[in-house]
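What follows is a single structure, written as structure tokens, with notes after it.
Since we're looking at a predicted model, the values are computed, not measured. All residue numbers in this chain count up from 1 along the given sequence.
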Amino acid sequence: MDSILNFLAGGLLQLSWWQLILVTLVLTHITIVAVTIFLHRSQTHRGLDLHPVVSHFFRLWLWLTTGMVTKEWVAIHRKHHAKCEKEGDPHSPIVYGIEKVMWKGAELYREESANEETLKRYGHGTPDDWLERNVYTRHSGLGIILTLVVDVLLFGAAGLTVWAIQMAWIPFWAAGVVNGLGHYIGYRNFSSPDSSTNLFPIGIIIGGEELHNNHHAYGTSAKFSSKWYEFDIGWLYIKLMGYVGLAKVRKVAPKLKLEHNSGQVTEKTLQGVITHRYEIMTRYADLLKQAAQAEIDRLKSVKDSFSIQQAALLKTVADRITQAEQSLKPTEKEELEQALSQNKVLATLVNMRDELTRVWASSTASSEQLLQDLQAWCQQAQQSGIQGLEQFALRLRRYAA
């Protein structure tokens, strides 16, 4: 009886409470690393290639600790990028609401994983060997049962808690925090056409996934950090594996390149603008914010009741001018349109912003047509009479691929 009680108290390893906590954190961190490096950066976006041994270790580990199927995860995430913040996005807080994505993100994942059309359209290129077909996919729930048995054997009754934490780790941090809060709160380095945010500049707990806005700006980059003060632990692991031949980086975000002095808008300029479009939109957002504040100050100085009302309205909607349209509620859009209809400068800036985005949004225009559109945009901006816009157009001419 004593031996049975002793086993239940600590299992085969008989670890202390702090050792159990440490082991649990290590186990869950390996799972996070498997998700961000294998599922996300390698399988989904092809930002790096992994050695077959590493790749299969991650597949096995995810089968044991999450029960997730590679093809399902990849397909759902690719669809998220393709339909981001719009109807069809599998887990957008703009579509479903932050509470549902935050606390029921795993349910949204399971619902979408049953959509055969999603898997067929977005799940190409994922593992399709004998193990994948006959073990990892066919018996996706078997791995987590084996993990439960191993946890109880190693840690005794406390193994149930260790196992429960392992099972909840990805649904909470990935499906909830990244997919939910990563499109709801935080800071943005790039004005991508969605509501993605960077949750925190130090990406350790979620393996670098904290830098979600950076990822949406350059989806195929194997490196998520962008600013000098940001840290992506997933990228650190990738570099370490690269040094010993276990990983090969295929793509990283391009470095910004500006010509010293460019008076002409050329094909090289066009490619530079398209490549760095989200960095450009971030600068344009700053221009809009500065123009909005200048207009508020000007209207307040007039002192008549109409100008004061305009200033109050503009102050209310100032932040919305730089937000993605799909993130605004209908009433917010109406208030923004009303404010712009009463302010020529801001209306011009918003219209010019929309015209600029069409340069890289068009999927049918030829390179020659896009180049002509960009040249016409720069000329119109420099003749606008708006100093900030004129300076912006001069800088735009300096971009290069």
Side-chain angles (χ1 to χ4, degrees), residues 23-80 90-91 105-114 118-119 122-151 154 159 162-179 203-209 215 222 224 233-235 237-238 241 246-247:
V23 167
T24 303
L25 290 175
V26 170
L27 293 175
T28 52
H29 186 68
I30 294 174
T31 304
I32 286 288
V33 172
V35 170
T36 187
I37 293 180
F38 172 70
L39 285 180
H40 196 187
R41 309 186 201 208
S42 178
Q43 284 293 303
T44 302
H45 297 293
R46 305 298 181 186
L48 74 152
D49 293 326
L50 294 171
H51 189 281
V53 172
V54 176
S55 182
H56 189 237
F57 167 77
F58 284 145
R59 287 168 62 193
L60 173 63
W61 186 268
L62 289 168
W63 179 68
L64 290 169
T65 59
T66 69
M68 294 188 303
V69 177
T70 300
K71 184 175 184 177
E72 294 175 358
W73 198 99
V74 168
I76 291 169
H77 190 72
R78 286 175 179 169
K79 186 175 182 179
H80 164 63
H91 45 64
E107 294 180 15
L108 292 173
Y109 171 88
R110 284 192 291 271
E111 290 176 8
E112 192 63 38
S113 67
T118 296
L119 302 185
Y122 298 102
H124 53 84
T126 52
D128 190 30
D129 54 19
W130 186 92
L131 275 172
E132 190 67 39
R133 293 190 302 270
N134 295 281
V135 180
Y136 298 147
T137 298
R138 178 174 296 180
H139 303 290
S140 59
L142 178 60
I144 58 178
I145 296 174
L146 292 175
T147 298
L148 173 60
V149 173
V150 172
D151 283 348
L154 294 178
V162 174
W163 179 82
I165 293 173
Q166 286 181 281
M167 295 305 106
W169 205 255
I170 291 301
F172 175 73
W173 287 110
V177 174
V178 176
N179 294 340
I204 294 178
I205 296 177
I206 326 178
E209 298 289 336
H215 165 61
F224 287 175
I233 197 170
W235 176 246
Y237 294 147
I238 290 169
M241 287 191 292
L246 296 178

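Atom CD1 of residue I206 and atom CZ of residue F224 lie 11.5 Å apart, to the nearest 0.5 angstrom. Expressed to the nearest 0.5 Å, how far CD1 of I32 lies from CG of L25 amounts to 11.5 Å. From L50, atom CG reaches atom CZ of F38 across 7.5 Å, with rounding to the nearest 0.5 Å. How far CD of Q166 is from CG of D151: 4.5 Å, rounded to the nearest 0.5 Å. In this structure, CD1 in I30 is found 11.0 Å from CG in L62, a value given to the nearest 0.5 Å. Put simply, NZ on K71 and NE2 on H124 are 10.0 Å apart, with the number rounded to the nearest 0.5 Å.
For the residue pair E209/T36, the side-chain donor-acceptor check at 3.5 Å is satisfied. Q43 and T126 form no side-chain donor-acceptor contact under 3.5 Å, judged by distance and modelled atom types alone. Side chains of T147 and W163: a donor-acceptor N/O pair is absent below 3.5 angstrom, by distance only.
For the pair I37 and M241, the minimum side-chain heavy-atom distance is below 4.5 Å. Counting only heavy atoms from C-beta outward, the side chains of T31 and W61 approach each other to under 4.5 Å. A 4.5 Å side-chain heavy-atom check between V23 and V162 finds every atom pair outside the cut-off. Side-chain contact check for L48 versus S42: some heavy-atom pair is nearer than 4.5 Å. A 4.5 Å side-chain heavy-atom check between H77 and H40 finds at least one atom pair inside the cut-off. Between Y122 and V74 the shortest side-chain heavy-atom distance does not fall below 4.5 Å. With contacts defined as side-chain heavy-atom distances shorter than 4.5 Å, the pair W169/L27 does not qualify. Within the 4.5 Å cutoff, the side chain of F58 has heavy atoms near those of the V33 side chain.
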Starting from the C-alpha separation in whole Å, work towards a yes-or-no answer on side-chain contact (heavy atoms from CB on, under 4.5 Å) for L64 and I144. CA-CA 5 Å; L64 290 169; I144 58 178; over 6 Å; no

For this session: Go through the steps for R138 and N134 under the test side-chain contact (heavy atoms from CB on, under 4.5 Å), then give the verdict.
Result: CA-CA 5 Å; R138 178 174 296 180; N134 295 281; 3.6 Å; yes

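A donor-acceptor pair under 3.5 Å is formed between the side chain of S113 and the backbone N or O of R110. In this structure a side-chain-to-backbone donor-acceptor pair under 3.5 Å is missing from S140 to M68.
Here R41 does not pair with D49 in a salt bridge; the nearest charged N to carboxylate O distance is not below 4.0 Å. For R59 and E132, the salt-bridge test passes: some basic side-chain N is under 4.0 Å from an acidic carboxylate O.
For H139 and W63, the distance between ring centers is not under 6.0 angstrom. Checked against a 6.0 Å centroid threshold, the rings of H29 and Y237 count as neighbours. Between F57 and H51, the distance from one ring center to the other does not fall under 6.0 angstrom.
Here the closest heavy-atom approach between residue G105 and residue A175 is recorded as C-CB, 3.8 Å. In terms of heavy-atom proximity, W130 sits nearest to V135 at CZ3-CG2, 4.0 Å.
The neighbour count for L60 CG, taken as heavy atoms of other residues, nucleotides or ligands under 6.0 Å away, is above 12.
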